[in-house]
Amino acid sequence: QVQLVESGGGLVQPGGSLGLSCAASGSISSINVMGWYRQAPGKQRELVAGFTRSGSTNYNDSVKGRFTISRDNAKNTVYLQMNSLKPEDTAVYYCNAARALPGIRTDYWGQGTQVTVSS
């Protein structure tokens with residue numbers, strides 16, 4: 001089992017910044033991909049940013065150039081720095097970790113943290 005705990009959400013004005021953290025514990029060695037997803041009311045959950053098995057990054061086109069995903073393996077923590085925030089970034093943000101193998105993927109999710117971008 002893997003447990004994920006997010007922190008850092010909150011209310012910010014458009015153009016502002018927030019940083020999210022996700023601390024992983026448990027059977028961490030079983031994880032080979034990690035990332036951040038978000039879900040706004042009435043919308044599908046979507047990938048925001050993530051690490052592939054090889055350590056490269058993928059970003060949602062809507063956040064490229066504004067968000068940065070990073071990790072500290074020693075602390076078992078993944079971080080999402082969000083700059084130049086827009087109202088459309090408002091959503092519940094979920095940390096995701098997975099064991100991705102050919103033919104099967106096992107996902108673990110954090111509890112979610114609310115990010116609200118509003119003036």
Side-chain angles (χ1 to χ4, degrees):
Q1 295 293 321
V2 174
Q3 295 80 46
L4 304 172
V5 179
E6 303 106 332
S7 62
L11 174 65
V12 65
Q13 293 185 341
S17 298
L18 280 176
L20 305 181
S21 296
C22 172
S25 61
S27 301
I28 300 170
S29 62
S30 69
I31 299 302
N32 56 11
V33 295
M34 291 193 72
W36 290 92
Y37 287 72
R38 67 186 181 188
Q39 187 167 25
K43 295 185 178 180
Q44 297 291 316
R45 185 175 298 187
E46 64 180 1
L47 175 70
V48 179
F51 285 102
T52 69
R53 297 188 201 185
S54 66
S56 62
T57 55
N58 290 324
Y59 289 94
N60 188 302
D61 286 342
S62 68
V63 308
K64 287 181 179 177
R66 300 188 297 121
F67 292 10
T68 303
I69 187 171
S70 61
R71 63 186 177 187
D72 186 336
N73 290 334
K75 297 181 179 180
N76 303 129
T77 299
V78 177
Y79 183 73
L80 183 68
Q81 179 64 42
M82 304 183 291
N83 298 325
S84 301
L85 283 160
K86 304 175 180 179
E88 53 263 42
D89 295 318
T90 296
V92 177
Y93 284 69
Y94 297 91
C95 183
N96 168 260
R99 176 69 168 172
L101 299 172
I104 191 170
R105 175 180 172 122
T106 302
D107 284 284
Y108 303 91
W109 298 94
Q111 80 283 359
T113 185
Q114 178 70 46
V115 172
T116 302
V117 184
S118 176
S119 60

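We use all heavy atoms of the structure for the numbers below, so side chains are in, but hydrogens, waters and symmetry mates are not.
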Quick one: [atom1] on [X] to [atom2] on [Y], what's the gap to the nearest 0.5 Å?
X: I28; Y: Q1; atom1: CD1; atom2: CD; result: 13.0 Å
X: L11; Y: Q114; atom1: CG; atom2: CD; result: 9.5 Å
X: Q3; Y: S27; atom1: CD; atom2: OG; result: 7.5 Å

In the single-linkage hydrophobic clustering (I, L, V, M, F, W, Y; side-chain heavy atoms under 4.5 Å), do [X] and [Y] co-cluster?
X: W36; Y: Y94; value: no
X: L80; Y: I31; value: yes
X: V78; Y: L47; value: no

- Query: Do the rings of Y37 and W109 sit parallel, tilted or perpendicular, given the 30° and 60° boundaries?
  - Reply: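 Correct class here is perpendicular.
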Mind checking whether [X] and [Y] have side chains closer than 4.5 Å, heavy atoms only?
X: F51; Y: R71; result: yes
X: M82; Y: V48; result: no
X: V12; Y: V117; result: yes

What are the two closest non-hydrogen atoms of [X] and [Y], and how far apart are they?
X: R66; Y: L85; value: NH1-CA, 3.8 Å
X: G19; Y: Q81; value: CA-OE1, 4.1 Å
X: Y93; Y: F67; value: OH-CE2, 4.1 Å
X: P14; Y: S119; value: CD-N, 3.6 Å
X: D89; Y: R38; value: OD1-NH1, 2.9 Å
X: Y79; Y: S21; value: CD1-OG, 3.5 Å

- Task: Check whether more than 12 heavy atoms from other residues, nucleotides or ligands sit under 6.0 Å from atom CG of L101, and answer yes or no.
- Result: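 Yes - once you tally the heavy atoms of other residues, nucleotides and ligands closer than 6.0 Å, there are more than 12.
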Kindly say whether [Y] contributes a backbone atom to a donor-acceptor pair with the side chain of [X] at under 3.5 angstrom?
X: Q111; Y: V5; result: no
X: N83; Y: S17; result: no
X: E6; Y: G112; result: yes
X: D72; Y: T77; result: no
X: Y108; Y: R99; result: no

- Message: What I want to check is whether the side chains of S118 and T116 have a donor and an acceptor closer together than 3.5 Å.
- Response: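 There is no such pair between these side chains.
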